There are 2 protein chains.
Amino acid sequence: MPSSTVENYLKRLFIEQQKQPGQLVQMGHLAEAMKVTAGTATSMIKALADSGLVDYEPRNGVKLNVQGEQLALHVLRRHRLIELFLVQILGLDWAEVHPEAEQLEHAVSEKVLERMDGLLGRPNFDPHGDPIPSADGIIRKQQLATLLNCPRGQLMKIARIVDQDTDFLQFLDRHALRPGATLTLVHLDTLADAVTLQLGGERTLVLGTRAASKILVEPA
Amino acid sequence: MPSSTVENYLKRLFIEQQKQPGQLVQMGHLAEAMKVTAGTATSMIKALADSGLVDYEPRNGVKLNVQGEQLALHVLRRHRLIELFLVQILGLDWAEVHPEAEQLEHAVSEKVLERMDGLLGRPNFDPHGDPIPSADGIIRKQQLATLLNCPRGQLMKIARIVDQDTDFLQFLDRHALRPGATLTLVHLDTLADAVTLQLGGERTLVLGTRAASKILVEPA
DNA sequence: GCTATAATTTTGATAGGTCAAAATAAAAAA
DNA sequence: TTTTTTATTTTGACCTATCAAAATTATAGC
């Protein structure tokens, strides 16, 4: 049974790999994401390689192998189902469930997870719009636009927020920018590094491109 | 923040202390209950004493001090609320929730626990009839008879089962012996070391005194 | 092609928990 | 009271996960 540390490394590797498909994850990058020193990451990755969960190319980088990826998807499933459970059943705020789920994902048994899944009606997405991997480790790839590359002047629906920082999510929430909400991209100003959004009823909002790129949308 | 190991030691100490009020808990006893070697228990207890959570008398035994007891009650509260949550909300079997709660009790935040408590309607007892300590660490002492010292021939109600072994609990469940069920003590045979019970509708059941002593009852 | 810089790996230490086995102390028996 | 048995504590070792700092290797600049 993998320790929660191992589960965290695998989950992190999966997420970093998704950001740069096909490439190896650099040690420094992983170390920073895990908030450990580079040396710690190296020794951990060597251990994971010995356990047959990752392919490690010294001085080059690391990636999950098939087995590691299955495990990572499993952890991700737990995490996301728990997030939805905390919102839907316990009424927590979607902006704050991430750290809670971070703890619980290592303590919830298969049986309990299965009950949660049933109670929630076998959901496909968590409160941030992230897809929930199926029990057999399949995750639907989404083709979503960001607020930077979506058509202008067209009504769009927020499908997903790809950031778990509570403060950022609460900021979005205060402007009613949550998955499911609709909005229109009015203007993209590359020089000012900003996008102007039309929200419901006259309200407009300007976001920097860094923030805007974290909001994924689809045609409403 | 106490580690889950520390929480487990404190909880165990509280439970063992309750069995023999006023007395110190012996190292060997504690070690056995924690399923560690005696040496491990000794060094752990010394660490707890240094942290100011227990009073330790070398070669004599150990007991929780006020601070340790508060912490233990807090852990116990988490454990028991979670057990009830698993039964009431997720529909798990009362006989099997103990090990699940054992994991979850270290991962659930105050906020989540508070939501569970609200959703369950501020309950006072867990699925085994064990009292749930209040948020400020107060636990109601119960004065309950066992099936060995309760009045004969009188209809009694099961109030509590003081054993967490899944197999034993499932055995009881198969005979509909759960908290809330009623029964009558027909006969206590000290020589045969057995009690005869009258269950609903003609059914009788004979239990050894060891098992019978784990079933606490009150007048129906 | 060399050197300066940046990233990675190694090394030596530490902390929390654990065990096996040796040492010690207390309790029971003789 | 002396011996034997039993319980407890100590010692030395191990494993996982971590860090700081030193050593190594790549990369980029010149």
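Just so it is clear, the model here is predicted, and its values are computed rather than measured. Letters go in sequence order (proteins before strands), and every chain restarts at 1. Below, all heavy atoms of this structure are taken into account, side chains as well, without hydrogens, waters or symmetry copies.
- Taking atom CE of A:Met44 as the reference point, atom P of C:dT10 lies 16 Å away to the nearest angstrom.
- With rounding to whole Å, B:Ile45 atom CD1 is found 11 Å from C:dT18 atom P.
- Of the side-chain N and O atoms in B:Thr40, none sit less than 4.0 angstrom from OP1 or OP2 of C:dT18.
- Here D:dA20 is the nucleotide among C:dT18, D:dA20, C:dT10 with the atom lying nearest to any side-chain atom of A:Thr37.
- When the side-chain nitrogen and oxygen atoms of B:Tyr9 are compared with OP1 and OP2 of C:dT18, one or more of them lie within a distance under 4.0 Å.
- At least one cation-pi condition fails for B:Lys46 and B:Tyr56: the charged atom is not both under 6.0 angstrom from the six-membered ring centre and inside a 45 degree cone around its axis.
- To the nearest angstrom, P of D:dA20 lies 16 Å from NZ of A:Lys35.
- Contact of A:Arg59 with C:dT8 (side chain to base): a donor-acceptor pair of N or O atoms is detected under 3.5 Å.
- Distances shown here put a side-chain N or O of A:Lys46 below 4.0 Å from the OP1 or OP2 atom of C:dT10.
- Checked against D:dT9, D:dA17, C:dG17, the side chain of B:Met27 finds its nearest nucleotide in D:dT9.
- The phosphate of D:dT9 (OP1 or OP2) has a side-chain N or O of B:Tyr56 nearer than 4.0 angstrom.
- A:Arg115 places no side-chain N or O within 3.5 Å of a backbone atom of A:Glu110 that could act as its donor or acceptor partner.
- Residues in residues 47-64 of chain A take part in these salt bridge (charged side-chain N to carboxylate O under 4.0 Å, His left out) pairs, two or more places apart or across chains: A:Asp55-A:Lys63.
- The side chain of B:Pro58 approaches D:dT9 more closely than any other nucleotide in the set D:dT8, C:dC19, D:dT9.
- As judged by a 4.0 angstrom heavy-atom cut-off over every strand, B:Gly28 is placed among residues touching the sugar-phosphate backbone only.
- Backbone-only engagement by B:Ser3 is indicated by non-hydrogen atom pairs under 4.0 Å involving sugar-phosphate atoms exclusively.
- Regarding A:Leu30, its CG atom lies at a distance of 11 Å from the P atom of C:dT9, rounded to whole Å.
- Across the protein-nucleic acid pair, A:Asp50 atom CG and D:dT16 atom P stand 11 Å apart, rounded to whole Å.
- Rounded to an integer number of Å, the gap from A:Met34 CE to D:dT16 C1' is 14 Å.
- Residues A:His98 and A:His79 bring their aromatic ring centres within 6.0 Å.
- Computed from coordinates, the B:Glu7 CD to C:dG16 P distance equals 16 Å when rounded to whole Å.
- Rounded to a whole Å, the NE2 atom of B:His29 is 17 Å from the C1' atom of D:dT6.
- Residues B:Glu96 and B:Thr166 bring no donor and acceptor atom of their side chains to less than 3.5 Å of each other.
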